[in-house]
Engineer: 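Here it is: the structure, laid out below.
Count residues from 1 along the sequence.
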Amino acid sequence: MQTIDTFHDFSAPRDTLWELLADFGNIQRWWPTGLAVDIDRVELEGQGVGMTRHIFNVGFPTAVSEQLLSIDPRTYTYSLALVNDRPAGITKYKATGTLSLIEGNKCRLSYHSEFEAELGREQEAKDFLNAAYQIMFSGLSQATS
């Protein structure tokens, strides 16, 4: 199992970011356009914990499907897993995001992920995930500025 730990500091209040992240089925509300991956549409399966958002990206043959594993508004923490067809040779993936307060009514999104990849594709998977995190941070920054 490989891990990635990353974070991004936002000048917005924690509750502002949490509102976006907790609305799990509405990723298009904050995902940026015009970067490496544009969302065509999102299809939802279920609701609340256990729901899956199937994200159909422009130019990609299959959806990226993310299942909400947990969400805790008291600790500003959520976790998700990639399910179904996984990109970039990823065979197993789970991530946990946590929002914490930092000085000046700002917040930090810390992201911890654990993943496995097909033999020989570990670096491809890691590069893919790191790029996705940067796009996520960019979109959330734009949506809260």
Engineer: Do Ile71 and Trp18 touch side chain to side chain, with heavy atoms closer than 4.5 Å?
Structural biologist: yes
Engineer: Looking only at the side chains, is there a donor atom on one of Thr98 and Ser110 sitting less than 3.5 Å from an acceptor on the other?
Structural biologist: no
Engineer: Rounded to the nearest 0.5 Å, what's the gap from CD1 on Ile27 to CD1 on Ile55? Could you check?
Structural biologist: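 One gets 4.0 Å once the value is rounded to the nearest 0.5 Å.
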Engineer: Under the rule for side-chain hydrogen bond (donor to acceptor under 3.5 Å, both in side chains), what residues qualify as partners of Glu118, not counting sequence neighbours?
Structural biologist: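 For Glu118 the side-chain hydrogen bond (donor to acceptor under 3.5 Å, both in side chains) partners, ignoring immediate neighbours, are Arg121.
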Engineer: Report yes or no: does Asp38 contribute a side-chain atom to a donor-acceptor pair with the main-chain N or O of Gly34 at less than 3.5 Å?
Structural biologist: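 Yes, because the side chain of Asp38 sits within donor-acceptor range (under 3.5 Å) of the backbone of Gly34.
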Engineer: Is there a side chain to side chain contact (heavy atoms under 4.5 Å, CB included) between Thr16 and Phe10 once you walk through the steps?
Structural biologist: CA-CA 10 Å; Thr16 301; Phe10 296 89; over 6 Å; no
Engineer: Do you know which two heavy atoms are closest between Val37 and Trp31, and how far apart they sit?
Structural biologist: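 Val37 and Trp31 have their closest heavy atoms at O-NE1, 2.9 Å.
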Engineer: With distance as the sole test, does Trp30 use its side chain to make a donor-acceptor pair with the main-chain N or O of Leu17 at under 3.5 Å?
Structural biologist: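 It does not hold such a pair.
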Engineer: Any chain of hydrophobic side-chain contacts (each under 4.5 Å) joining Phe7 to Leu20?
Structural biologist: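 Not linked; separate clusters.
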Engineer: Say whether Gln134 and Asn130, considering side chains only, have a donor N or O and an acceptor N or O under 3.5 Å apart.
Structural biologist: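 Judged by distance alone, the side chains do not pair up.
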Engineer: Just list the side-chain donor-acceptor pairs under 3.5 Å for residues 59-66, sequence neighbours left out, or say none.
Structural biologist:
| from | atom 1 | to | atom 2 | distance (Å) |
| --- | --- | --- | --- | --- |
| Ser65 | OG | His54 | ND1 | 2.6 |
| Glu66 | OE1 | Arg53 | NE | 2.6 |
| Glu66 | OE1 | Arg53 | NH2 | 2.7 |

Engineer: Is Arg86 paired with Glu116 through a side-chain N to carboxylate O contact shorter than 4.0 Å?
Structural biologist: no
Engineer: So, does Gln67 use its side chain to make a donor-acceptor pair with the main chain of Met51 at under 3.5 Å?
Structural biologist: no
Engineer: Going from CG on Leu69 to OH on Tyr78, what distance comes out if it is rounded to the nearest 0.5 angstrom?
Structural biologist: 11.5 Å
Engineer: Using ring pair (Phe, Tyr, Trp, His ring centres under 6.0 Å) as the criterion, list what pairs up with Phe137, not counting sequence neighbours.
Structural biologist: His8
Engineer: Transitively linked via ILVMFWY side-chain contacts under 4.5 Å: Ile39 with Phe56?
Structural biologist: no
Engineer: What pair of heavy atoms forms the shortest contact from Ser70 to Leu68, and how long is it?
Structural biologist: O-CD1, 3.4 Å
Engineer: Given the rule that I, L, V, M, F, W and Y join up when any side-chain heavy atoms are under 4.5 Å apart, are Leu101 and Tyr76 in one cluster?
Structural biologist: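 In one cluster: no.
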Engineer: Within the distance-only criterion (no hydrogens, no angle test), does the side chain of Gln142 pair as donor or acceptor with the backbone N or O of Leu140 below 3.5 angstrom?
Structural biologist: no
